[in-house]
*Asks:* 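This is the structure I have questions about; it appears just below.
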Amino acid sequence: MAKAKGPTPQSQDFSAWYLDVIQMAELADYGPVRGTIVVRPYGYALWENIRATLDEMFKATGHQNAYFPLFIPMGFLQKEAQHVEGFSPELAVVTHAGGEELEEPLAVRPTSETIIGYMWSRWIRSWRDLPQLLNQWNNVVRWEMRTRPFLRTSEFLWQEGHTAHATKEEAEEETRRMLGVYVKFATEYAALPVISGLKTEKEKFAGAVYTTTMEAMMRDGRALQSGTSHFLGQNFAKAFDITFQDKDLEEKYVWTTSWGLSWRIIGGIIMTHGDDRGLIFPPKLAPIQVVIVPIYKSETRQEVLEAAATLQAELKAKGIRVHVDDRDQYTPGFKFNDWELKGVPFRIELGPRDVAAKTAVLASRLGGKETLPLGELAAQIPQKLEAFHQALYERARRFRDERTRVVDDYESFKEAVAEGFALAFHCGDIACEKTIQEETKATTRVIPFDAPEESGRCVRCGKPAAYGKRVVFARAY
RNA sequence: CGGGGCGUAGCGCAGCCUGGCAGCGCGCCUGCUUUGGGAGCAGGAUGUCGCAGGUUCAAAUCCUGCCGCCCCGACCA
């Protein structure tokens, strides 16, 4: 047997493992410009499934898609004080076009609150124009110092939802509803266990009144912010003069929200589920759910391929995304490893012996092989995919729970964040939070919605705790 | 931006110290034999040695400058 040719083992170098699997599984490659990536067909197919799933959920909650321009006048970004402060360091700005220097430089959108706000100020006249429930799938540019495929790239794909409402209550409800959509997507589709809640003042979106988030734990114990939903209050309404005449004849500012989920979630899927053999994709999003590997000699090639084609048709009829790997130049053993690297949940091995016995071998990416009658596969695989999803989710949840510690002293806190999440009290002071970050590299990730009410003292400075509950600290991506 | 590393075939690298035919492994192409956990043999193709300048009879190798990428830190979805 030849020596292993897989990715760098996770235990040896998690970061190298991550970069290896992305390249080897052909999800993405580096672009010629620093911090850019090319998403290859297999990776893009995953993104398309993510996008299709979320898009349907957005439409089901009453949103419509639209498209706003890539270029934003610099002046727009400067209208909201916190917003400009938050984003100006990472803006890409176009200063020349058409062979001339532009009179007003154009920002390449880092997000679209401002340009949508500008348009809303023109579109919204009366309470009858509300709510505005918009979403757009697009690319944005944020010039980051340090980049990493999917997790932090100069340009990334995402969706940004933007809504405007007549009342504060309605906007806050929308903020929570859309975070709920993300949580549902994470758990029911991506098999990612997440903790949802509020961001602290230090961590919130630049320009938001508050930010809600869902946080997941990667297999190296670090946290990944996987989707955020912001209540923007009237900050952008005031900056862009978005007003309406209400039923009571008063002229009022609208209340807005925004919410986004990016291809960063792909990084989350990779780092939550993957193992030393490569990726493991959650079945509902996997570009290929079942791969059939035919096994044949030249004299049995035709009959095996025919049996594979028949099986493929039966699975397709059940709505299963199935692929037959009929590449002649690779041996079955090579293909087994290749599809495991690519994270396909189930593999069906079909050889002459199986064809003769009218059976096939079903192998799960989570381990285990079983021999099943050919005629039963199509009927059984849907439930097996469902069970696979559940097992994947449970495995991730167990991992997270094992690496989450309740801590009340700073030494235990440091140990906890070195390997996972720490549930601790904090005084709520931004300076104290920054000190913790400097000393431990950990930041507050989320003030969980569902944490029990508790009072205590700040894990670092001992002052009375804010928030009325423990908060999650972790090193973050 | 600070610290470190690296640019030689598609990928990974050797060659550089001590200047003298540009190499190795993998991959790729052709053929035959193989095929139930990363096949074997034989034959073959592939280079702006990151870029520019300099020294020299001669530069991947020595000198100068530049560029790019990766890794580690501070900001971020």
Side-chain angles (χ1 to χ4, degrees), chain A residues 1-6 8 13 15-16 18-20 23-24 29-36 85-91 110-111 139-160 182 199 202-206 211 213-216 223-230 258-268 277-278 293-301 304 325-341 347-357 359-361 363 369 371 434 437-438 441 443 445 475-477:
Chain A
M1 202 172 79
K3 62 177 180 182
K5 295 173 182 170
T8 306
D13 184 343
S15 173
Y18 179 76
L19 298 171
D20 280 354
Q23 289 275 345
M24 294 171 74
D29 202 350
Y30 298 103
V33 175
R34 178 188 168 76
T36 63
E85 192 188 330
F87 281 107
S88 56
E90 57 194 57
L91 278 186
T111 179
N139 58 339
V140 289
V141 170
R142 299 181 188 176
W143 217 255
E144 302 292 349
M145 298 296 177
R146 226 168 91 49
T147 62
R148 213 194 251 278
F150 295 117
L151 299 175
R152 206 184 299 106
T153 45
S154 303
E155 176 194 7
F156 58 90
L157 296 188
W158 73 342
Q159 57 68 218
E160 46 175 326
Y182 289 154
K199 281 291 190 189
K202 174 174 172 291
E203 298 287 327
K204 76 177 185 185
F205 174 74
T211 289
T213 181
M214 61 175 182
E215 301 281 325
L224 186 76
Q225 177 173 311
S226 310
T228 50
S229 179
H230 315 289
S258 68
W259 26 277
L261 182 144
S262 78
W263 71 20
R264 169 179 259 199
I265 198 92
I266 292 177
R277 289 173 172 240
V293 177
I295 299 159
Y296 50 78
K297 301 180 195 294
S298 47
E299 60 271 22
T300 52
R301 182 171 182 274
V304 169
D325 186 354
D326 59 1
R327 292 177 294 178
D328 264 333
Q329 70 272 35
Y330 295 117
T331 61
F334 179 92
K335 293 175 183 178
F336 295 171
N337 285 288
D338 194 37
W339 293 110
E340 282 166 5
L341 173 67
R347 173 180 74 239
I348 294 173
E349 304 170 10
L350 187 65
R353 293 206 301 264
D354 300 296
V355 174
T359 61
V361 174
K369 282 191 188 187
T371 301
K434 281 182 177 159
Q437 181 170 9
E438 282 159 19
K441 293 174 188 161
T443 51
R445 299 322 304 156
R475 296 182 61 188
Y477 274 101

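What you see below is based on every heavy atom in this structure, not just the backbone, and it leaves out hydrogens, waters and symmetry mates. A, B, ... follow the sequence lines: proteins, then strands. Residue 1 opens every chain.
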*Asks:* Please evaluate the base of B/G36 for a donor-acceptor partner in the side chain of A/Lys335 within a cut-off of under 3.5 Å?
*Replies:*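 Check fails, no donor-acceptor contact within cut-off.
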*Asks:* Determine the Euclidean distance between corresponding C1' atoms of B/A60 and B/C16; express it in Å to zero decimal places.
*Replies:*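 B/C16 and B/A60 have their C1' atoms separated by 7 Å.
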*Asks:* When every nucleotide of nucleotides 71-77 of chain B is labelled 5' to 3' by its protein contacts under 4.0 Å (heavy atoms), B for base, S for sugar-phosphate only, - for none, what sequence of letters results?
*Replies:* SSBBBBB
*Asks:* For B/C1, give the paired nucleotide (Watson-Crick: N1-N3 plus N6-O4 or O6-N4; G-U: N1-O2 and O6-N3; both under 3.5 Å), or none.
*Replies:*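 By the stated definition (distances under 3.5 Å), B/G73 pairs with B/C1.
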*Asks:* Under 4.0 Å, heavy atoms only, any strand: does A/Val140 hit a base, just the sugar-phosphate, or nothing?
*Replies:*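 Nothing, no heavy atom under 4.0 Å.
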*Asks:* Taking CZ from A/Phe336 and P from B/G37, how many angstroms apart are they, rounded to a whole number?
*Replies:*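 Nearest whole value for this atom pair: 6 Å.
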*Asks:* Taking the same atom, C1', in B/C41 and in B/G37, what whole-Å distance lies between them?
*Replies:*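 B/C41 and B/G37 have their C1' atoms separated by 22 Å.
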*Asks:* Identify whether any heavy atom of A/Arg353 sits under 4.0 Å from a base atom; if not, whether one sits that close to sugar-phosphate; answer base, sugar-phosphate or nothing.
*Replies:*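 Base: the residue A/Arg353, judged by heavy atoms under 4.0 Å, touches a nucleobase.
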*Asks:* Would you please classify the geometry between the A/Phe334 ring and the A/Tyr330 ring as parallel, tilted or perpendicular, with 30° and 60° separating the classes?
*Replies:*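 Taking A/Phe334 first and then A/Tyr330, their aromatic rings lie parallel (interplane angle under 30°).
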*Asks:* Looking only at atom types and distance, does a side-chain atom of A/Tyr182 sit under 3.5 Å from a main-chain N or O of A/Gly260, one as donor and one as acceptor?
*Replies:*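 Yes; at least one donor-acceptor contact below 3.5 Å.
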*Asks:* Report the residue from A/Ile295, A/Asp326, A/Asp328 that forms a side-chain contact (heavy atoms from CB on, under 4.5 Å) with A/Arg301.
*Replies:*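 Of the listed residues A/Ile295, A/Asp326, A/Asp328, the side-chain contact (heavy atoms from CB on, under 4.5 Å) partner of A/Arg301 is A/Asp328.
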*Asks:* Under the 3.5 angstrom rule, does the side chain of A/Asn139 hit a backbone N or O of A/Val141 as a donor-acceptor pair?
*Replies:*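 Not confirmed, A/Asn139 side chain does not pair with A/Val141 backbone.
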*Asks:* Who does B/U56 pair with, Watson-Crick or G-U, both distances under 3.5 Å?
*Replies:*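 Across any shown strand, B/U56 pairs with none.
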*Asks:* Pick the closest RNA chain B nucleotide for A/Tyr296 and for A/Asp338 by heavy atoms, then say which residue is nearer the 5' end.
*Replies:*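 This one resolves to A/Tyr296.
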*Asks:* How would you label the contact of A/Gly351 with the nucleic acid (heavy atoms, under 4.0 Å): base, sugar-phosphate, or nothing?
*Replies:*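 The answer is base, as A/Gly351 lies within the cut-off (heavy atoms under 4.0 Å) of a base atom.
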*Asks:* Calculate the interatomic distance between A/Asp20 atom CG and B/C70 atom P; express it in whole Å.
*Replies:*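 These atoms are roughly 15 Å apart.
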*Asks:* Can you tell me, in whole Å, how much space there is between the P of B/G5 and that of B/G10?
*Replies:*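 Roughly 27 Å separates the two P atoms.
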*Asks:* Looking across every strand, which nucleic acid part, if any, lies under 4.0 Å from A/Arg327 by heavy atom: base, sugar-phosphate, or nothing?
*Replies:*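 Touches nothing.
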*Asks:* Round to a whole Å and report the spacing from CG of A/Asp325 to P of B/G37.
*Replies:*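 These atoms are roughly 15 Å apart.
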*Asks:* Once you apply the 3.5 Å cut-off to both distances, tell me the Watson-Crick or G-U wobble partner of B/C6, or none.
*Replies:*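 Check on B/C6: paired to B/G68, both distances under 3.5 Å.
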*Asks:* Look at the side chain of A/Arg277 against the base of B/G38 and say whether a donor-acceptor pair falls under 3.5 Å; ignore hydrogens and angles.
*Replies:*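 Checked by distance alone, the answer is no.
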*Asks:* Look only at the side chain of A/Thr300 and the backbone of A/Lys297, and say whether a donor-acceptor pair between them is shorter than 3.5 Å.
*Replies:*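 Checked: pair present.
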*Asks:* Using purine N1 to pyrimidine N3 plus N6-O4 or O6-N4 for Watson-Crick, or N1-O2 and O6-N3 for G-U wobble, both under 3.5 Å, which nucleotide pairs with B/C11?
*Replies:*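 Result: B/G25.
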*Asks:* Are A/Glu349 and A/Lys335 ion-paired here, with the side-chain N under 4.0 Å from a carboxylate O?
*Replies:*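 Result for this pair is no, no salt bridge flagged.
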*Asks:* Just say parallel, tilted or perpendicular for the rings of A/Phe205 and A/His230, cut-offs at 30° and 60°.
*Replies:*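 Geometry flag for A/His230 against A/Phe205: parallel rings.
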*Asks:* Take the protein atom CD of A/Gln329 and the nucleotide atom P of B/C41, then report the distance between them rounded to whole Å.
*Replies:*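 Checked: the CD to P distance equals 19 Å.
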*Asks:* Hey, does A/Asp354 reach any base, or is it just sugar-phosphate, or nothing, if we go heavy atoms under 4.0 Å?
*Replies:*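 Since a base atom lies under 4.0 Å of A/Asp354, the category is base.
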*Asks:* Should B/U30 form a Watson-Crick or G-U wobble pair with both distances under 3.5 Å, which nucleotide is its partner?
*Replies:*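 Pairing partner, where one exists within any strand: B/A42.
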*Asks:* How close or far is atom P of B/G31 from atom CG of A/Asp328, stated in whole angstroms?
*Replies:*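 It is 12 Å, rounded to the nearest whole Å.
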*Asks:* On a whole-Å scale, what distance lies between the P atoms belonging to B/U55 and B/G15?
*Replies:*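 Between the two P atoms, the distance is 29 Å.
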*Asks:* Sticking with atom P, work out how far B/G25 lies from B/A42, rounded to a whole angstrom.
*Replies:*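 Pairwise P distance, B/G25 against B/A42, rounds to 12 Å.
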*Asks:* To the side chain of A/Glu340, which of B/A39, B/U35, B/G37 is closest?
*Replies:*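 Among the listed nucleotides, the one closest to the side chain of A/Glu340 is B/G37.
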*Asks:* In whole angstrom, what separates A/Ile295's CD1 from B/G37's P?
*Replies:*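 Rounded to whole Å, this separation is 8 Å.
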*Asks:* Can you check the distance between B/U18 and B/G31, where both ends of the measurement are the P atom (answer in whole Å)?
*Replies:*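 Approximately 50 Å lies between the P atom of B/U18 and that of B/G31.
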*Asks:* Considering the options A/Glu203, A/Lys204, A/Lys199, A/Arg445, which one meets the side-chain contact (heavy atoms from CB on, under 4.5 Å) requirement together with A/Thr213?
*Replies:*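 Among A/Glu203, A/Lys204, A/Lys199, A/Arg445, the one meeting side-chain contact (heavy atoms from CB on, under 4.5 Å) with A/Thr213 is A/Lys199.
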*Asks:* Run the salt-bridge test on A/Glu144 and A/Arg152 with the 4.0 Å N-O cut-off and return the result as yes or no.
*Replies:*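 So A/Glu144 does not pair with A/Arg152 through a salt bridge.
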*Asks:* Taking the six-membered ring of A/Phe156, is NZ or CZ of A/Arg264 closer than 6.0 Å to its centre and within 45° of its axis?
*Replies:*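 Negative - A/Arg264 is either too far from the ring of A/Phe156 or too far off its axis.
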*Asks:* Between A/Asp29 (CG) and B/C11 (P), how many Å, whole number?
*Replies:*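 A/Asp29 atom CG is separated from B/C11 atom P by 9 Å.
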*Asks:* Rounded off to whole Å, could you give me the CG-to-P distance for the A/Asp13 and B/C70 pair?
*Replies:*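 Computing the A/Asp13:CG to B/C70:P distance gives 16 Å.
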*Asks:* Say you pick atom P in B/C29 and the same atom in B/A45; how far apart are they, in whole Å?
*Replies:*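 Result for the P pair: 15 Å, nearest Å.
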*Asks:* Tell me what A/Lys199 touches on the nucleic acid: a base, only sugar-phosphate, or nothing, going by heavy atoms under 4.0 Å.
*Replies:*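 Nothing, no nucleic acid heavy atom in range.
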*Asks:* In whole Å, what separates the C1' atom of B/C6 from that of B/C11?
*Replies:*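 The answer is 15 Å between these two C1' atoms.
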